[in-house]
Amino acid sequence: MRLTFLTLLLAAKSRAVVRFHCSQLVVERLDPLVNPGSIPSSHVHQIVGGDAFNATMDPSRDLPAESSCTTCQFADDFSNYWTAVLYFRAQNGSYKRVPQLGNNQFETARGGLTIYYMQDAIYDQGQKSKVQAFKPGFRMFVGDLTARTLSAASHSRQLTYVCMDTWTSRAPETMAFPTRPCPEGIMTSLRFPTCWDGKNLDSPDHRAHMSYPATGTFESGGPCPDSHPVRVGQVMYEVVWDTRGFNELEWPADGSSPFVWSFGDATGYGTHGDYVFGWKGDALQRVLDAPCWFDTDCAEESNSTLQSIEAMNSCSQKVVVDEDIDGLLDVLPGGFHADYGHGEV
Ligand SMILES: *[C@@H]1O[C@H](CO)[C@@H](O)[C@H](O)[C@H]1NC(C)=O
Ligand SMILES: *[C@@H]1O[C@H](CO)[C@@H](O)[C@H](O)[C@H]1NC(C)=O
Ligand SMILES: *[C@@H]1O[C@H](CO)[C@@H](O)[C@H](O)[C@H]1NC(C)=O
């Protein structure tokens, strides 16, 4: 069935569903968007993209010019994309970081995340909406790290988890952490809002310059609100967490999840993602305007260069925050403990 879809899409392609991978650049406590200049920032992140990433990323910085390499497959993409990292909380209270995997078709990548830029819903064969690329200096944030309940999390849309029974499982999606062992790991998906105010490259909460469609969803072609009239591509991240090594350990007797985000959230509702645009010149707009499907095809149709996975993996950054994030920890880096929404434990 999936193959049929793909074949149809290739036969009838019009505009872009771009899907590509970026290997891990660095894992540490830096966050130039929410805690600019702080070394360390509040909690641990996993970051991908151009190696101009730093504790301070003024919007006037020229990321393509300042980067010497990128961990992304599109060689002209020097953006930075990041998320928190996952820890397993053992029943004796100690924490251990959950490793990451590449994704389907990117198995040899060093962790990182898979990125989509879409014009319409992924399985919409039309893909005919014109969407605008971001401008230099643009950045945004999705999610709410204080959310510990479904209602708090529902201010954002489509920030989800899949308990992977197989390597290609993509459903069902939940908004909380899976509460059973997942044979092939856990996938988190983060979908950013798709309507821009057309003026501001950022906003104080890094969210207000962006909006969801006024009615419906991006997938249903919902129109953008008057306040945020510019329809941009749907940016989506997929991150695969290798939880397999924790499936045989003792899990909480009360049926709750043993996983905790690096900022203490033990519910999963606080999941969030950060985006700093850094494509070179018009490279992203060319891709968004090209009729294409996924990495190789989109590169060909837009005259873009793709890097091999080996080249992506060879780009990395020296850690600046010197601390143990991978041992058996009594407390999460930055001082966080598991928070189930009714106090830390
Ligand atoms: C980050 O910026 C500081 C000061 O501007 C510089 O010393 C450091 O080398 C930079 N780090 C990276 C990884 O670029
Ligand atoms: C706590 O549990 C983990 C996972 O079972 C184990 O690896 C670790 O040794 C335990 N720590 C102590 C102090 O017993
Ligand atoms: C790609 O390059 C060819 C040959 O130079 C050109 O005709 C075409 O317009 C280019 N396409 C894009 C999307 O830039």
Side-chain angles (χ1 to χ4, degrees), residues 9-10 12-20 44 64 72-79 85-100 115-120 126-136 177-183 185-186 231-233 241-262 264 266 277-307 323-333 335-340 344-345:
L9 273 157
L10 288 174
K13 60 192 181 183
S14 53
R15 287 185 191 275
V17 175
V18 194
R19 174 186 189 261
F20 62 93
V44 182
C72 293
Q73 206 178 356
F74 274 81
D76 282 343
D77 185 7
F78 299 97
S79 306
V85 304
L86 212 54
Y87 281 86
F88 175 85
R89 181 175 181 274
Q91 287 309 286
N92 62 20
S94 68
Y95 298 96
K96 178 78 185 160
R97 186 160 78 90
V98 178
Q100 288 173 245
I115 294 157
Y116 293 73
Y117 285 90
M118 288 176 264
Q119 292 176 306
D120 292 293
Q127 296 295 326
K128 41 191 163 310
S129 306
K130 169 81 179 172
V131 291
Q132 189 168 316
F134 305 103
K135 302 217 179 304
F177 281 136
T179 52
R180 64 172 173 95
C182 304
I186 294 175
R231 187 174 156 104
V232 294
W241 304 97
D242 188 4
T243 55
R244 293 173 299 180
F246 305 98
N247 287 350
E248 305 297 322
L249 299 180
E250 198 184 336
W251 278 40
D254 66 359
S256 60
S257 160
F259 297 104
V260 182
W261 282 119
S262 50
F277 171 82
W279 286 70
K280 193 174 182 176
D282 67 349
L284 178 59
Q285 190 69 61
R286 281 205 325 271
V287 175
L288 289 172
D289 288 345
C292 67
W293 176 249
F294 283 15
D295 46 356
T296 311
D297 186 45
C298 286
E300 278 171 14
E301 294 290 341
S302 63
N303 296 340
S304 307
T305 305
L306 288 188
Q307 303 197 85
E323 65 182 349
D324 183 14
I325 60 171
D326 283 325
L328 272 175
L329 306 175
D330 295 333
V331 53
L332 295 168
F336 298 96
H337 286 279
D339 172 5
Y340 294 84
E344 294 186 336
V345 297

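Computed from a prediction, not measured in an experiment: that's the story for all the values here. Counting starts at 1 for both ligands and their atoms, in listed order.
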A.B. asks: Identify, with sequence neighbours excluded, every residue that meets side-chain hydrogen bond (donor to acceptor under 3.5 Å, both in side chains) alongside Gln285.
C.D. replies: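 Per chain and number, Gln285 pairs via side-chain hydrogen bond (donor to acceptor under 3.5 Å, both in side chains) with Asp289.
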
A.B. asks: Are there any N/O pairs under 3.5 Å between ligand 2 and the protein, and if so, what are their distances?
C.D. replies:
from: ligand 2; atom 1: 2 (O); to: Asn92; atom 2: OD1; distance (Å): 3.3
from: ligand 2; atom 1: 2 (O); to: Asn92; atom 2: ND2; distance (Å): 2.4
from: ligand 2; atom 1: 11 (N); to: Asn92; atom 2: ND2; distance (Å): 2.8
from: ligand 2; atom 1: 14 (O); to: Asn92; atom 2: ND2; distance (Å): 3.4

A.B. asks: Closer than 4.0 Å to some heavy atom of Glu301 - which atoms of ligand 3 meet that?
C.D. replies: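 Close to Glu301: 13 (C).
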
A.B. asks: Using atom types as modelled and distance alone, determine if a side-chain donor or acceptor of Arg286 lies under 3.5 Å from a backbone N or O of Ser302.
C.D. replies: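 At least one qualifying donor-acceptor pair exists.
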
A.B. asks: Below 3.5 Å, N or O to N or O, backbone or side chain included: is there any such pair between Asn303 and ligand 3?
C.D. replies: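 The answer is yes, given that Asn303 and ligand 3 share an N or O pair closer than 3.5 Å.
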
A.B. asks: Side-chain contact, heavy-atom cut-off 4.5 Å: Val98 with Phe246?
C.D. replies: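 Yes, side chains in contact.
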
A.B. asks: Who are the ring pair (Phe, Tyr, Trp, His ring centres under 6.0 Å) partners of Tyr87, not counting sequence neighbours?
C.D. replies: none

A.B. asks: Could you tell me whether the side chain of Asp297 reaches within less than 4.5 Å of the side chain of Cys292, counting heavy atoms only?
C.D. replies: yes

A.B. asks: Out of all atoms in ligand 3, which are within 4.0 Å of some heavy atom of Arg286? Include the element for each.
C.D. replies: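 In order of numbering, the contacting atoms are 14 (O).
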
A.B. asks: Among Phe74, Tyr117, Phe20, Trp293, whose side chain to side chain contact (heavy atoms under 4.5 Å, CB included) with Cys298 holds?
C.D. replies: Phe74

A.B. asks: Taking salt bridge (charged side-chain N to carboxylate O under 4.0 Å, His left out) as the test, write out the residues that go with Glu323, two or more places apart.
C.D. replies: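 Testing Glu323 for salt bridge (charged side-chain N to carboxylate O under 4.0 Å, His left out), a comparison that skips the adjacent residues, returns Arg29.
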
